[in-house]
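Let me begin by presenting the structure, written as structure tokens, before commenting on it.
Read the numbers this way: they start at 1 and go in the same order the structure lists the ligands and their atoms. Positions are given from 1, in the same order as the sequence printed here.
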Amino acid sequence: MSSLMSQLLENAGAYLPNFREDRLIEAYNFAKTAHKGQKRKDGSKYVTHPLKAAIILTDLHVDEDTLVACLLHDVPEDTNFTLEDIEMAFGKKVGFLVNGITKLSKVHYRDNMEERQIESLKKLFIHCAQDPRIILIKLADRLHNMYTIDAIEKPQKRLRIAKETLEIYVPIANLLGIWDLKSELEDLCFKTISPDEYNNIEELAKESALKKKDVLIRTKKIVRKLLQKNGLNDFQIRGRKKSYYSIYKKMLNTGKTFQEIYDLIGLRVVLKNVGDCYHVLGVFHQNFTPKPGRLKDYIAIPKINGYQSIHTTVFGVDGTITEIQIRTKEMDLECTYGVAAHFFYTYKIRSGSVRKRMKNKSEWVQRILDIQRDMENNKEFLNQLKLDIFEDRIFVFSPKGDVVDLPKGSQVLDFAYLIHSEIGNKAVSAVVNGNNKNLSAELMSGDVIAIETSSDPNYGPKLNWLNIVKTSNAKNKIREFLKKQNRERIISEAIDLFENRISVLGFDRDYLNDSQKEWLASVFYKDSWETLMYALGEGSIDIQDLMRFLQEEKKLIGEMTDPENEHVYDHVLNRLPNALHPKKVYRVHFMIHCRNRVGLLRDVSIKLADLNINILRTNTWHSANAKVSTLEFYIEITDINQYDEIISVLSEIPDVIKIMRLQNAELSPLNPSVARTMPEL
Ligand code: MN
């Protein structure tokens, strides 16, 4: 048997008293046969890879099925043996775990991936893990690949793998609370991505470790004696190492030097129970001077992420600053194994309360959520995760391997719209896993989908597509398109109608220039010519009103540019409403055409104010040659006499040519119901 295999069996035996050694050996032999002739990039036999990954997993105290599945994890993907072969030999449970890993290998990370795709990749991980053991195997797999990354020749490829690890695997390990594995991955990525900085810090750390080696050994010895003298026997004392990447990040973030961050020693004391923890704290503070402000009791008050320990810093041996963490075995277990601890163990968290093993998916996902609740940088991801994980989602792939997550029941068209709205709009059919499918074919997790699009410029979404799609994203995009398309059709029909009617009235079809069109739109409270034509097309503005207005305008602009003609307003005044109901507030909209001069608007406003008239809104325009102006007023009046008075007062203002009342429901947006009760002119 290889020495690595002996190591695996030994490690497993140390924490799995009843494991079946022969089953592990059988799995190893299976993998060896399956991968026969295959070599790793570093020249070693392929089987050393799953074997070393399994050894990594023994550090997390995983169960027997997980170790067996890890030994077989690359078999279906890379050899002639199938998942069925594995199930036959090792049972459904192992098959389920291996299948989960094979699914994950479909995910391809590329450079310059969008944030959304990276989020999808992370979600996919959590999602596929109906069982967290699948993630643990995948993390161990990746850790071993990172150990051997130097064997990859192309620097570009090394860089891509390191970035993928940093962006996907490190956050997942962090999420699961497996801190040791996380910082190891991080350091390996750091080394690959920024070798100079890594080497620099490594050198400084080695130098410093050498300097502190003596004082660390003496400190451990002194502390051990002190604790024994105080009646404590069941304890462990360990030195602590900071990860290079965390030192580097701290240097960047705080601007401190390496020495300021690293020139101290760290100790961790692990004890049997909480009482002993406080006892040990007392021993430290009695024998060494504590550094003020550094005592943190996370046992009495755990961190929001659940972390428990007592932290203190003292001036230790030779005055060396010494950071101390004090915790129980259970707290230590949780810090080391993260979610694995919850999954594989039953243990006491405090006197009286026992944390049960978590077998159920929602239970451990909930636990991850609780642990991570307050980690700011993960908030967005977690909110999303929370929404998605309990809902049924499917994960599907583009031909390039990009992953997209969709609600269960989603169809080809939903996928097309998620890729890009233009791809959705032009989608004709799809090739799903090599088979032709129509747009309404339902998708399943793991499907690889290539959308076929039309190059016909007139091709676009149909109304019945709204019944096909499941996602609101696709629905909104289809509606948007139909609305836009509909609007364009309505506008073009309205322009036809408008031009027809003005030509019937004897105008040229292009009688209005662009600025006149905009002006006309603003008269009818529309922000553009298109909006006015749309209102005409869908019937909220009457073509008659437009024509009537234009005819009067033509008289004004065409015939009234001679300011000598002063009597045109008469015919408008003659058409004054005579049925205004007294004791009611009426809103009246009218326009005053006048010769352009400074102060005219002011004159009109003053007259109206003198009459105690409430002006709701005013507006001013000038004709093209700036000789004629139009003042628009929107006012409130209370009786008919008031109206007569207004007209007679305003008519007397010098330079007023004509007063015209407008009426149209569309023109009285402040109170359409009142406007509708107004009598016809
Ligand atoms: Mn592998």
Side-chain angles (χ1 to χ4, degrees), residues 2 4-5 7-8 11-12 24 27-60 62 65-83 85-86 89-90 94-109 121-122 124-125 128-129 131-154 157-158 160-170 172-173 176 178 181-182 184-185 188-189 192 340 401 403 446:
S2 79
L4 282 176
M5 191 55 203
Q7 195 194 332
L8 174 62
N11 286 8
L24 242 59
Y28 169 69
N29 287 331
F30 191 107
K32 209 164 93 177
T33 310
H35 290 293
K36 201 178 172 86
Q38 295 176 355
K39 290 253 191 285
R40 295 277 289 176
K41 281 264 171 14
D42 60 4
S44 60
K45 282 185 195 156
Y46 195 92
V47 75
T48 55
H49 162 65
L51 192 49
K52 284 192 171 168
I55 291 170
I56 289 168
L57 282 176
T58 58
D59 287 343
L60 293 173
V62 302
D65 279 343
T66 312
L67 293 175
V68 171
C70 182
L71 287 170
L72 302 168
H73 79 264
D74 281 328
V75 166
E77 185 80 358
D78 296 340
T79 77
N80 293 326
F81 290 83
T82 64
L83 190 65
D85 297 332
I86 290 173
F90 299 97
V94 169
F96 164 76
L97 296 175
V98 173
N99 188 30
I101 297 170
T102 310
K103 270 189 200 161
L104 287 184
S105 66
K106 281 187 182 167
V107 180
H108 293 294
Y109 174 90
L121 281 179
K122 285 198 269 180
L124 174 67
F125 263 87
C128 284
D131 193 310
R133 290 177 292 181
I134 293 169
I135 301 184
L136 295 180
I137 296 170
K138 196 68 194 166
L139 287 171
D141 172 40
R142 177 50 58 111
L143 183 57
H144 183 247
N145 284 336
M146 285 303 297
Y147 280 141
T148 55
I149 196 168
D150 287 344
I152 293 171
E153 278 155 33
K154 283 187 193 156
K157 196 175 175 196
R158 284 202 302 271
R160 183 178 57 74
I161 293 172
K163 279 162 83 181
E164 176 184 52
T165 306
L166 205 57
E167 293 201 52
I168 312 284
Y169 291 78
V170 166
I172 298 278
L176 268 56
I178 314 169
L181 193 145
K182 179 211 142 200
E184 218 170 335
L185 277 178
L188 291 164
C189 295
T192 309
V403 62

Arg142/Glu164 ion pair, N-O < 4.0 Å: yes
For Asp141, the N, O or S atom at the shortest distance from the Mn ion (ligand 1) is OD1
Starting from the Mn ion (ligand 1), look over the N/O/S atoms of Asp74 and name the nearest one. OD2
Val75 backbone acceptor or donor facing Thr79 side chain under 3.5 Å: yes
Return yes if some donor-acceptor pair links the side-chain N/O of Gln38 with the main-chain N/O of Asp78 below 3.5 Å, else return no. yes
Please find out if the Mn ion (ligand 1) and some N, O or S atom of His73 are separated by less than 2.8 Å. yes
Flag for Asn99-Thr102: side-chain donor and acceptor within less than 3.5 Å: no
